Amino acid sequence: AQSVAQPEDQVNVAEGNPLTVKCTYSVSGNPYLFWYVQYPNRGLQFLLKYITGDNLVKGSYGFEAEFNKSQTSFHLKKPSALVSDSALYFCAVSSSSNTGKLIFGQGTTLQVKP
Amino acid sequence: GAVVSQHPSRVICKSGTSVKIECRSLDFQATTMFWYRQFPKQSLMLMATSNEGSKATYEQGVEKDKFLINHASLTLSTLTVTSAHPEDSSFYICSARYTSGGVSSTDTQYFGPGTRLTVL
């Protein structure tokens with residue numbers, strides 16, 4: 001069965017410091033991996049995705065994520081956090097063998113303090 | 001590009017009434033749309049997959065007679081919550097699947113802004 005784990009409910013960082021939001025996955029077949037961000041009372045905004053190719057994926061707002069097949073991880077990173085990055089972040093996975101259905105992690109709240 | 005809208009953004013209704021939520025892909029055609037439900041501070045729960053021109057596929061435990069889904073065109077899917085009750089109060093989010101010429105690298109879901117349903 002497909003699954004996604006985000007081991008941290010909340011991540012706290014100081015503005016200007018690097019941030020990492022962790023994600024590990026389990027999927028049969030080749031994984032398609034996604035990161036989305038959600039602001040309060042809003043839908044999800046697409047940040048980036050990994051389908052194939054370079055393991056380091058760059059996305060919106062300066063975020064990037066690294067696909068690590070051996071560790072089945074897809075951690076989200078940003079070199080320098082902004083207060084405005086504070087939001088709820090979701091990792092999601094689908095596989096090449098399904099109909100596009102996404103399986104979401106439980107979400108990680110990122111709090112960036114000035 | 002890849003914008004998805006939802007209407008209404010917020011609705012309050014009396015118990016026993018029905019509520020319709022619209023999901024539109026504004027700048028692309030979507031043969032597949034998805035409906036999710038989200039409880040406070042929780043992840044998204046997939047309710048159903050909406051396929052243009054065919055019946056929706058519901059996830060286990062989701063009542064198809066209560067949550068009616070219609071995908072009448074390539075840019076519009078609707079979710080109707082029938083005979084709503086307070087336990088149906090939630091944040092409902094739709095997404096539209098964007099694919100281009102069948103190339104898997106463009107297969108991405110874009111989400112609407114969500115609809116807050118409150119049933120009194």
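Quantities reported herein were computed from a predicted structural model and do not represent experimental measurements. A, B, ... follow the sequence lines: proteins, then strands. Residue 1 opens every chain.
Heavy atoms of Gln42(B) lying under 4.5 Å from chain A belong exclusively to its backbone. For Gln38(A), the part lying under 4.5 angstrom from a heavy atom of chain B is the side chain only. Neither the backbone nor the side chain of Gln6(B) comes within contact range of chain A, judged by heavy atoms closer than 4.5 Å.
Interface check for chain B: of the options Tyr36(A), Phe34(A), Tyr50(A), Tyr39(A), the most heavy-atom pairs under 4.5 Å are formed by Tyr36(A).
Comment: Lys20(B) does not engage Glu22(B) in a salt bridge, judged by the lack of any side-chain N to carboxylate O separation of less than 4.0 angstrom. A salt bridge does not link Lys77(A) with Glu64(A): none of the charged nitrogens is closer than 4.0 Å to a carboxylate oxygen.
Under the 6.0 Å cut-off for aromatic ring centres, Tyr89(A) and Phe63(A) qualify, their centroids lying closer than that. A centroid separation of 6.0 Å or more is found between the aromatic rings of Phe39(B) and Phe91(B).
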